[in-house]
Colleague: 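Can you keep this structure in mind? I'll have questions shortly.
Everything quoted here is computed from the prediction, not taken from an experiment. Throughout, a chain's letter reflects where its sequence line sits, starting with A, and its residues are numbered from 1.
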There are 2 protein chains.
Amino acid sequence: MLSLLSKLVSIMQQELDRLKELSLAEHLGRLHRLWRTVADVELTPLGLTHPRWTALWKLLRLGDNVSQKVLADALEIELASLMRTLGQLEEQGLVERHCCDKDKRARIVSLTSAGLDVLKQMEARIIQVRRELLAGISATELSEFERIISLISDNASAKLAKVTDTIL
Amino acid sequence: MLSLLSKLVSIMQQELDRLKELSLAEHLGRLHRLWRTVADVELTPLGLTHPRWTALWKLLRLGDNVSQKVLADALEIELASLMRTLGQLEEQGLVERHCCDKDKRARIVSLTSAGLDVLKQMEARIIQVRRELLAGISATELSEFERIISLISDNASAKLAKVTDTIL
DNA sequence: ATTATTTACTTAGCCTGCTAACTAAGTATA
DNA sequence: TATACTTAGTTAGCAGGCTAAGTAAATAAT
């Protein structure tokens with residue numbers, strides 16, 4: 001009788017594990033989408049979507065005149081993915097792309113005065129969004145959270161690198 | 001002299017805050033993409049991509065014969081997003097869609113025997129991937145991590161709901 | 001010096017999230 | 001009963017990740 005019960009418990013435990021299995025990846029995706037949506041809602045009045053304001057912001061932090069490649073690396077996305085976004089920002093007149101004298105392959109991205117204007121307007125809103133989304137989370141909890149993100153990211157990167165090695 | 005120094009420190013602090021501002025959203029996106037990529041690499045041999053195996057898995061957990069709407073809700077994606085995935089799974093012969101007698105609007109999704117086969121093969125691989133990605137993270141840290149994800153998600157959902165209210 | 005490799009950029013096209021707009025079926029109300 | 005609203009499914013098209021494949025410039029190797 002007891003063994004049957006413990007067997008049942010063990011089966012339930014397995015089921016729970018399976019459910020949790022998915023939930024982390026799912027919740028991660030959901031959180032990412034939610035965060036983007038919230039930021040989008042807040043910033044669309046400025047004509048900015050998540051990838052666009054992220055690029056603008058990073059560009060400012062990188063000190064403006066950097067190559068597209070450097071910007072893509074800083075944003076941790078592929079250069080090809082950045083192209084579309086930069087094209088849109090250029091159309092909106094927020095950035096400019098110039099040829100580089102030193103390296104004729106490269107194109108240097110810089111903020112226009114309109115771009116700087118928009119960045120100023122963005123700043124307050126982004127900080128506000130972040131504050132609202134992180135409400136009720138202490139600094140300690142937050143840094144712990146970020147630590148775990150880094151840990152999992154490192155595991156994933158390492159695993160991908162290994163796979164690539166195996167194939168090559 | 002001292003006041004100038006403390007002013008400088010305060011400015012640096014602000015800069016740091018601004019940098020951290022972005023990093024969380026960015027790292028979240030990066031982690032999500034990485035996780036998906038790793039899972040994809042592991043499961044493509046079975047002809048499965050992330051959305052596909054997630055849908056299969058959830059379908060099994062929901063007890064098979066559910067409507068597309070129920071499945072979409074469980075996956076926390078829009079029904080329209082699920083349509084394409086279910087179409088692909090149907091093409092692969094892993095699921096079937098039947099009309100529902102009780103509600104002629106609804107279509108019931110069920111796993112085929114081929115679908116169940118694939119699920120069996122999936123199981124070990126997914127658990128392995130999860131184990132590798134979560135290597136070096138204790139159960140306590142993990143549950144804390146998930147708690148923070150939920151907290152931020154709740155904040156984001158609440159904020160979005162508020163925005164919708166304001167507009168309506 | 002010439003050739004081979006690497007690097008930055010670009011284009012094209014896939015994937016899967018989304019919203020918008022439509023149909024058909026069920027439900028509620030006048 | 002007839003009309004209005006809601007809900008499930010569907011299609012179409014956008015957004016922004018990605019890889020693949022090509023060009024031109026820079027660098028390394030012979």
Side-chain angles (χ1 to χ4, degrees), chain A residues 25-26 28-41 43-44 47-55 66-92 97-109 160 163-164 167, chain B residues 25-26 28-41 43-44 47-55 66-91 97-109 160 164 167:
Chain A
E26 280 178 327
L28 215 50
R30 176 161 174 263
L31 176 55
H32 182 220
R33 265 176 284 147
L34 271 172
W35 190 299
R36 284 186 49 156
T37 307
V38 169
D40 278 2
V41 166
L43 292 172
T44 29
L48 294 172
T49 59
H50 180 93
R52 286 183 221 174
W53 65 256
T54 312
V66 289
S67 74
Q68 299 184 123
K69 170 68 175 158
V70 167
L71 184 54
D73 285 349
L75 289 167
E76 299 183 276
I77 61 174
E78 293 301 315
L79 182 52
S81 305
L82 180 61
M83 295 298 301
R84 195 195 287 111
T85 303
L86 282 182
Q88 293 161 342
L89 288 172
E90 201 173 28
E91 262 187 33
Q92 292 182 276
R97 288 187 275 193
H98 308 284
C99 291
C100 176
D101 292 336
K102 291 177 188 168
D103 184 342
K104 283 175 186 169
R105 294 170 304 174
R107 288 179 72 193
I108 301 302
V109 188
L160 280 180
V163 169
T164 315
I167 290 169
Chain B
E26 280 178 326
L28 215 50
R30 177 161 172 263
L31 175 54
H32 181 220
R33 266 176 283 148
L34 272 172
W35 189 299
R36 284 186 50 156
T37 307
V38 169
D40 278 2
V41 166
L43 292 172
T44 31
L48 295 171
T49 59
H50 180 93
R52 287 184 220 175
W53 66 255
T54 311
V66 290
S67 74
Q68 300 184 121
K69 171 67 175 160
V70 168
L71 185 53
D73 284 349
L75 289 167
E76 298 182 277
I77 60 174
E78 293 301 315
L79 181 53
S81 304
L82 180 62
M83 295 298 301
R84 195 195 288 111
T85 303
L86 282 181
Q88 294 161 343
L89 288 172
E90 201 173 28
E91 263 188 33
R97 288 187 276 193
H98 308 284
C99 291
C100 176
D101 292 335
K102 292 177 188 170
D103 185 341
K104 285 177 185 167
R105 292 170 307 175
R107 288 178 73 190
I108 302 302
V109 188
L160 281 180
T164 314
I167 290 170

Colleague: From CG of A:Asp103 over to P of D:dT23, roughly how many Å is that when rounded to an integer?
Modeller: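 Between P of D:dT23 and CG of A:Asp103: 19 Å.
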Colleague: Round to the nearest Å and state the distance from A:Leu86 atom CG to D:dG16 atom C1'.
Modeller: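 Interatomic distance, CG of A:Leu86 to C1' of D:dG16: 13 Å.
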Colleague: Phosphate oxygens OP1/OP2 of D:dA15: is one of them under 4.0 Å from a side-chain N or O of A:Thr49?
Modeller: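 So the side-chain polar atoms of A:Thr49 never come under 4.0 Å of the phosphate oxygens OP1 or OP2 of D:dA15.
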Colleague: Quiz question: going by heavy-atom distance under 3.5 Å, is there a donor-acceptor pair between the base of C:dG17 and the side chain of B:Arg84?
Modeller: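 Counting by modelled atom types and ignoring angles, a donor-acceptor contact under 3.5 Å is found here.
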Colleague: Does B:Leu89 reach the side chain of B:Val109, with side-chain heavy atoms less than 4.5 Å apart?
Modeller: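 When only atoms from C-beta onward are counted, B:Val109 and B:Leu89 do not touch, as no gap falls below 4.5 Å.
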Colleague: Roughly how far apart are B:Glu90 CD and B:Met83 CE, rounded to 0.5 Å?
Modeller: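 That separation rounds to 9.0 Å.
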Colleague: Is the phosphate of C:dT16 approached by B:Gln88 (side-chain N or O, under 4.0 Å from OP1 or OP2)?
Modeller: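 True: B:Gln88 side-chain N/O within range (under 4.0 Å) of C:dT16 OP1/OP2.
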Colleague: Compare all side-chain heavy atoms of B:Ile77 with those of A:Arg33 and state whether any distance is below 4.5 angstrom.
Modeller: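 B:Ile77 vs A:Arg33: side chains touch.
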Colleague: Could you state the CD1-P distance from A:Ile108 to D:dA25, rounded to the nearest angstrom?
Modeller: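 Distance check: A:Ile108 CD1 to D:dA25 P gives 16 Å.
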Colleague: Report the nucleotide, chosen from D:dA8, C:dA25, C:dC9, that has the shortest atom-to-atom distance to any side-chain atom of A:Leu79.
Modeller: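 Nearest listed nucleotide: C:dC9.
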Colleague: Could you please name the option among D:dG9, D:dG16, C:dC18 that lies closest to any side-chain atom of A:Arg36?
Modeller: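 Taking heavy atoms from C-beta onward, the closest nucleotide is D:dG16.
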Colleague: Counting distance alone, no hydrogens or angles: does the base of D:dG9 have a donor or acceptor under 3.5 Å from a partner atom on the side chain of B:Arg105?
Modeller: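 Looking at the base of D:dG9, it does not pair with any donor or acceptor on the side chain of B:Arg105 (distance under 3.5 Å).
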Colleague: Look at B:Gln68 and D:dG9 and indicate whether a side-chain polar atom (N or O) is within less than 4.0 Å of OP1 or OP2.
Modeller: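 It does, given that an N or O in the side chain of B:Gln68 lies less than 4.0 Å from OP1 or OP2 of D:dG9.
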Colleague: Using whole Å, report how far NZ of B:Lys104 lies from P of C:dT23.
Modeller: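 Rounded to the whole Å, the gap is 21 Å.
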Colleague: With sugar-phosphate meaning primed atoms plus P, OP1 and OP2, does A:Thr37 contact a base, only sugar-phosphate, or nothing at under 4.0 Å between heavy atoms?
Modeller: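 It contacts nothing in the nucleic acid.
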Colleague: Let's see if you can work this out: which of C:dC9, D:dG17, D:dG9 has an atom nearest to the side-chain heavy atoms of A:Ile77?
Modeller: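 My answer, after comparing the listed nucleotides, is D:dG17.
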Colleague: Starting at atom CZ of B:Arg30, determine the distance to atom P of D:dG16, rounded to an integer number of angstrom.
Modeller: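 To the nearest whole Å, that distance equals 21 Å.
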Colleague: Respond yes when some side-chain nitrogen or oxygen of B:Ser81 is under 4.0 Å from OP1 or OP2 of C:dC18, and no when none is.
Modeller: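 For B:Ser81, the contact criterion (side-chain N or O under 4.0 Å from OP1 or OP2 of C:dC18) is met.
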Colleague: Round to the nearest Å and state the distance from B:Leu89 atom CG to C:dC15 atom P.
Modeller: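 Interatomic distance, CG of B:Leu89 to P of C:dC15: 14 Å.
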Colleague: Stepwise, does the side chain to side chain contact (heavy atoms under 4.5 Å, CB included) test hold for A:Thr85 with A:Leu75?
Modeller: CA-CA 12 Å; A:Thr85 303; A:Leu75 289 167; over 6 Å; no
Colleague: Taking only the side-chain heavy atoms of A:Pro51 (C-beta and beyond), determine which of D:dG16, C:dG26, D:dC18 contains the nearest atom.
Modeller: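 From the listed options, D:dG16 comes nearest.
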Colleague: Measure the distance from CG on A:Leu82 to C1' on C:dT11 and round it to the nearest whole Å.
Modeller: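 In whole Å, C:dT11 C1' lies 15 Å from A:Leu82 CG.
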Colleague: Calculate, to the nearest 0.5 Å, the distance between atoms CD and CG belonging to B:Glu76 and A:Leu34 respectively.
Modeller: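 Going from the CD atom of B:Glu76 to the CG atom of A:Leu34 covers 8.5 Å.
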Colleague: Rounding to a whole Å, what distance do you find between B:Lys102:NZ and C:dA24:P?
Modeller: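 Rounding to the nearest Å, NZ of B:Lys102 and P of C:dA24 are 25 Å apart.
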Colleague: Just compare D:dT19, D:dA25, D:dG9 and give me whichever is closest to any side-chain atom of A:Ala80.
Modeller: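 Taking heavy atoms from C-beta onward, the closest nucleotide is D:dT19.
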Colleague: Which listed nucleotide (D:dG17, D:dA26, D:dG16) is nearest to the side chain of A:Arg52?
Modeller: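 Of all the options, the side chain of A:Arg52 is nearest to D:dG16.
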Colleague: Output the distance between atom OG1 (B:Thr49) and atom CD (B:Gln88), rounded to the nearest 0.5 Å.
Modeller: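 Separation between the atoms: 6.0 Å.
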Colleague: Nearest to the side chain of B:Arg33 - D:dG17, C:dG26, D:dA12?
Modeller: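 Looking only at heavy atoms from C-beta outward on B:Arg33, the closest nucleotide is D:dG17.
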